[in-house]
Amino acid sequence: MTFTKKLGIIAVSCALAAPALMATAQTQQQAAPSQKELASKSWMNTKLSAHERTQLVLKEMTVDEKLGLLMGYFGTDAPWKNFTRPEESYPQSAGFIYGVPRLGIPNIWQADAGVGVASQSGPNVRERTALPSGMATAATWNPQVGFDGGAMIGAEARTSGFNVLLAGGVNLVREPRNGRNFEYGGEDPYLAGVMVGHQIKGVQSNHIVSTLKHFAYNDQETGRFNLNVNIDEAAGRMSDLLALQFAYEIGNPGSVMCSYNRVYGVYGCESDYLLNEVLKKDWGFKGWVMSDWGATHSTVPAANNGLDQQSGFPFDVSAYFKEPLKEAVTNGWVSQERFDDMAGRVLFALFDKGVIDNPVPKGSNNIDFKKHGLVTQKDAEEAIVLLKNDKLLPLTKSVKKIAIIGSHANVGVLSGGGSSQVYPLGGMAVSGLGPKIFPGPMVYYPSSPMKALEARLPDARITFDEGANVQTAAKLAAESDLVLVFANQWTAESVDVANLSLPDNQDALIAAVAKANKKTAVVLQTGGAILMPWLNDVSAVIEAWYPGTNGGEAIARVLTGEVNPSGHLPITFPAAEAQLPRPKVDGYPEVKDQRFDVNYTEGATVGYKWFDAHKHIPLFPFGYGLSYTDFEFSDLKAFVKNDQLNISFRVKNIGAVAGKEVAQIYIAPLNTKWEAPKRLGAFQKVDLKPGESTQVSVVVDPRLLAMYQSESKTWKIAKGQYEIILSRSATEPQATVKVGIPAQILDVQGR
Ligand code: BGC
């Protein structure tokens, strides 16, 4: 059973009474009145604000109706828990919450997640369009691509009958071995926040709610239910929390999902600090906080410390937000005011995002998959990073004998596993792979890189070898004009990788193939960074991440030059694990139910900042990415106007083919100390024809020039000289200027 493992970990010894598990035991809902009747109700007046409408409808609601909004159920049967999903939920979905139809408040149907409409595994998965991984979308460095992808998957969610998409994962890539990095936006708070923020905005453009998750510091999967994160408060505000803050401000999500782990000794879903103080008070969040599935541990502490809705029962030990919450309110342990606030927050988001005024239709498969395939393909094409190219790529039509080796590249492309798993139209390209239970299966999408290449290189003879036998593969390589080795690293929710080496003897395979034929290009499909002991022996490397539904087409188009690669790394690729802040993932391998601390002593010095501060030379730096053309940077200028740092420069395509470049601005303080020598301050992707140039102007968010002050809750910019570095990655400066910046103190929201 899909979730046996997940449930097993979090609720081992809880013998729940069967009746408590029947979600269908919900009080009978009264039938909905007609649209006409509803339209005359005061709270349905669209001229009023979401807040006013919320207050009006709250007055009409009974205690049980409010309570109903606060209790979420798993949308999938869990027979081993004697749990039957609510009748009204969609099978194999993530969640369901009863609405109040008599007042026009719809039921809440929740689907995972960030790359598309996911299904829990089982016999009747929904087949939907998958974007490339979140990490891949971040590698586009193109917020518009983030928005378009979000809009597309949000549209599919809507058509599928879901009004909440559990998207918006922006946990900072602090631990490169985290099995869920593929769902997130990389290691830099600004890039990650901007990219995921735009994706959330896109999802919500469909009048559905997106989440922002997992709040906060759920940066590794090992021991995620048991670990406790400690980090200097200010450092947290400048790293993990800053990524969430940017994504929150840009995306304005209706809901935030609190995380499994503890922070400063307290569970994420009952942390007064995280939920009441940071999120609701400091940032002004007006929507609702839902727990992660199995992350609610109490009634009174959780409710009073900021959790608004329990999710995914029966993942928790008890239905804390059902009868126990009613009892707590009756006894005054949770105030009536707070109880109304909890329900009001759910209602506010539903009004604010247009969920109530634009009810989702009954779920159907009425989706234009072809059109949506092109949206995900564009994302993948901008996400693919060309890491190395000794004049091997793009492939020319004159190559006669090509060997394709490994990773089922004859039939499909890989995706990441766990609750975010989107199942492909037409079924999996390869069946029976990966774990039999959650977070399996390992899913290959039926988009064959080999077929896509054959269509583009009609004169070439392309031979496939699965790569299982190193000698056979090397022999084929020796007999070919050129070799494409497809290597992969499957990563998934709930498990971290032991190390950054490619699994399954693939390093040996690549080394042997490259020895047999120097004209070898490696195509990687990984969740994040890996080590490349064979790098010097191959002629080209592309990082295709998990490239989504049309990934095979995207890879072929980049390999043949139909698309000029323009992805840049949203993470650092270390040269060795010894360069990382911690030698291995804390608590790895996981010991069941064992509590432990994860001390982020590196603070905000994450990713390239850590590498800079420690003068480590990475294998590939953050921001890195090659192109089939070349760019020239000039006219860098920086000035402060109206307390804002403005930067302008020119980028010119000086090569022979059209291409896109990601211009990156890093800022280095000269008279003051930050957590690292420099920070990413701004970026802009430009699209240029050969010979064309463009003028770019960017403004730097003042928080990226400041140090956060915990006591005063302010962002403090120190007066002094700062170096502005125009660069094509964290280590390839193209031009620098110095600028004097006056002292400034900004409030907690950076204003
Ligand atoms: C994951 C969430 C997901 C939820 C519902 C949890 O295990 O951490 O990201 O949204 O399950 O499937």
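Counting starts at 1 for both ligands and their atoms, in listed order. Index from 1, following the sequence.
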Residue part near ligand 1, for Met290, under 4.0 Å between non-hydrogen atoms
neither
Which of the atoms in ligand 1, numbered in the order shown and given with their element, are less than 4.0 Å from a heavy-atom of Lys213?
2 (C), 3 (C), 9 (O), 10 (O)
Between Asp308 and Lys280, does at least one N-O distance fall below 4.0 Å, as a salt bridge requires?
yes
Closer than 4.0 Å to some heavy atom of Asp292 - which atoms of ligand 1 meet that?
1 (C), 2 (C), 3 (C), 4 (C), 6 (C), 7 (O), 8 (O), 11 (O)
State if Tyr260 counts as touching ligand 1 under the rule of any non-hydrogen atom under 4.0 Å.
yes
Under-4.0 Å salt bridge between Asp282 and Arg237:
yes
Gln421 and ligand 1 - part of the residue with a heavy-atom distance under 4.0 Å:
neither
Checking side-chain contact (heavy atoms from CB on, under 4.5 Å) between Arg180 and each of Glu175, Met135, Glu493, Gln220, which is the one that passes?
Glu493
Could you tell me which atoms of ligand 1, counted from 1 in the order shown, lie closer than 4.0 angstrom to a heavy atom of Leu166?
10 (O)
Kindly determine whether Lys213 and Asp292 satisfy salt bridge (charged side-chain N to carboxylate O under 4.0 Å, His left out), including the steps that lead there.
CA-CA 9 Å; Lys213 69 187 190 184; Asp292 200 342; over 6 Å; no
Can we say Asp496 and Arg224 salt-bridge, meaning some charged N sits less than 4.0 Å from an Asp/Glu carboxylate O?
no
Met257 touching ligand 1 at heavy-atom level, < 4.0 angstrom:
yes
Check this for me - ligand 1, Trp293, N or O atoms closer than 3.5 angstrom, yes or no?
no
Are Lys286 and Asp352 within salt-bridge range, i.e. N to O under 4.0 Å?
no
Are the ring centres of Phe215 and Tyr217 closer than 6.0 Å?
no
Whether Glu183 lies under 4.0 Å from ligand 1, heavy atom:
no
